[in-house]
Amino acid sequence: METFIKQYTTTKLTDLELIEIPKIKDSRGNLAVIEKECIPFEIKRVYYLYDVPSDAFRGGHAHKELFQFLIPLSGSFEVRLKDGEEERLVSLNKPDKGLLITPGIWREIENFSSGSVCLVLASDVYDEADYIRNFDEFLLFKGL
Ligand code: TYD
């Protein structure tokens with residue numbers, strides 16, 4: 001996938017991708033499969049958000065090198081994305097449609113529906129040093 005960008009300080013909202021996850025439709029229930037062609041990174045970690053209060057705000061940070069793929073396994077939520085110049089609100093509400101977030105993008109996740117589950121596939125293990133948790137620092141990282 002062409003979105004694999006080396007210079008993460010220059011990533012833009014246009015680098016984000018809504019990716020349709022291949023599925024096997026069946027009257028007994030659908031089966032969605034993520035294999036290596038689906039997303040442009042090797043998965044090193046999987047985590048999920050659940051029991052999220054509807055008024056909660058998650059995220060509020062950017063990553064320096066981490067790629068993430070967010071999937072609304074159940075219910076819905078909104079992802080507010082910022083590249084330092086533009087802002088976009090993406091609503092995730094289909095378990096077969098995920099959002100690829102490249103490094104160097106600020107994200108805030110909000111408006112979780114009751115019982116929603118946000119699955120996150122990540123390109124690396126947890127490392128607090130990869131986080132930018134202050135928006136002014138994020139703008140500096142972007143050279144803005
Ligand atoms: P954070 O990534 O800030 O959550 P979110 O973006 O969903 O709001 O993580 C919340 C806390 O959990 C923070 O203290 C770091 C910790 N954490 C881990 O220890 N391991 C992990 O893999 C993740 C994602 C978070």
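Look at Arg58 and Glu108 and you find no salt bridge, because none of the NZ, NE, NH1 or NH2 atoms lies under 4.0 Å from a carboxylate O. Under the 4.0 Å criterion applied to side-chain N and carboxylate O atoms, Glu110 and Arg80 are assigned as salt-bridge partners. No salt bridge links Lys64 with Asp130; every basic N to acidic carboxylate O contact stays at or beyond 4.0 Å. One finds a salt bridge joining Asp26 and Arg28 here, because a Lys/Arg side-chain nitrogen approaches an Asp/Glu carboxylate oxygen to under 4.0 Å. Using a 4.0 Å cut-off between charged side-chain N and carboxylate O, Glu85 and Lys12 make a salt bridge.
If you chain together hydrophobic residues whose side chains sit under 4.5 Å apart, Tyr48 and Phe41 fall into the same group. When the side chains of ILVMFWY residues are joined at heavy-atom separations under 4.5 Å, either directly or via intervening members, Ile43 and Ile21 end up in a single hydrophobic cluster.
In this structure the side chain of Ser76 never reaches within 4.5 angstrom of the side chain of Ser91, judged on heavy atoms. Using a 4.5 Å heavy-atom cutoff, the side chains of Phe77 and Ser113 are not in contact. At a threshold of 4.5 Å between non-hydrogen side-chain atoms, the residues Ile105 and Arg88 do not count as touching. No side-chain heavy atom of Tyr8 sits less than 4.5 Å from a side-chain heavy atom of Thr102. Side-chain contact between Leu89 and Val79 is absent, with no heavy-atom pair separated by less than 4.5 Å. Using a 4.5 Å heavy-atom cutoff, the side chains of Pro53 and Phe112 are not in contact. Between Leu119 and Leu70, the closest side-chain pair of non-hydrogen atoms is not below 4.5 Å.
Contact detail for Tyr50 and Val117: the closest heavy-atom pair is CB-CG2, 4.2 Å. When all heavy atoms of Lys94 and Pro72 are compared, the closest pair comes out as O-CG, 3.4 Å. The two residues Leu100 and Pro40 make their nearest non-hydrogen contact at CD2-CG, 3.7 Å. Here the shortest heavy-atom pairing between Ser123 and Leu66 reads OG-CD1, 3.6 Å. Nearest approach of Asn30 to Lys25, heavy atoms of both residues: OD1-CA, 3.3 Å. Leu13 and Asp83 make their closest contact through N-OD2, 3.0 Å (heavy atoms, listed as atom of the first residue, atom of the second, distance).
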Determine, step by step, whether Glu86 and Leu81 satisfy the side-chain contact (heavy atoms from CB on, under 4.5 Å) criterion, reporting the C-alpha distance in whole Å, the side-chain angles of both residues, the deciding distance to 0.1 Å, and the verdict. CA-CA 8 Å; Glu86 288 185 280; Leu81 300 147; over 6 Å; no

Kindly determine whether His61 and His63 satisfy side-chain contact (heavy atoms from CB on, under 4.5 Å), including the steps that lead there. CA-CA 7 Å; His61 57 77; His63 284 282; 3.4 Å; yes

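Using a distance-only test at 3.5 Å, with no hydrogens or angles considered, a donor-acceptor pair links the side chain of Thr11 to the main chain of Gly104.
The 12-atom threshold is exceeded at NZ of Lys23, counting heavy atoms of other residues, nucleotides or ligands nearer than 6.0 Å. Within 6.0 Å of CD in Glu87 there are more than 12 heavy atoms belonging to other residues, nucleotides or ligands. By the 6.0 Å contact criterion, NZ on Lys97 is open, its count of non-hydrogen atoms from other residues, nucleotides or ligands being 12 or less.
Hydrophobic cluster membership for Leu139: Trp106, Ile132, Phe135, Phe138, Phe141, Leu144 (Ile, Leu, Val, Met, Phe, Trp, Tyr linked by side-chain heavy atoms under 4.5 Å, directly or transitively).
If you check the side chains of Tyr47 and Gln68, you find a donor sitting under 3.5 Å from an acceptor.
We find the CG-CD1 distance between Asp15 and Ile101 to be 12.5 Å, quoted to the nearest 0.5 Å.
Residues passing the ring-ring contact (aromatic ring centres under 6.0 Å, His included) test with Phe69, sequence neighbours excluded: none.
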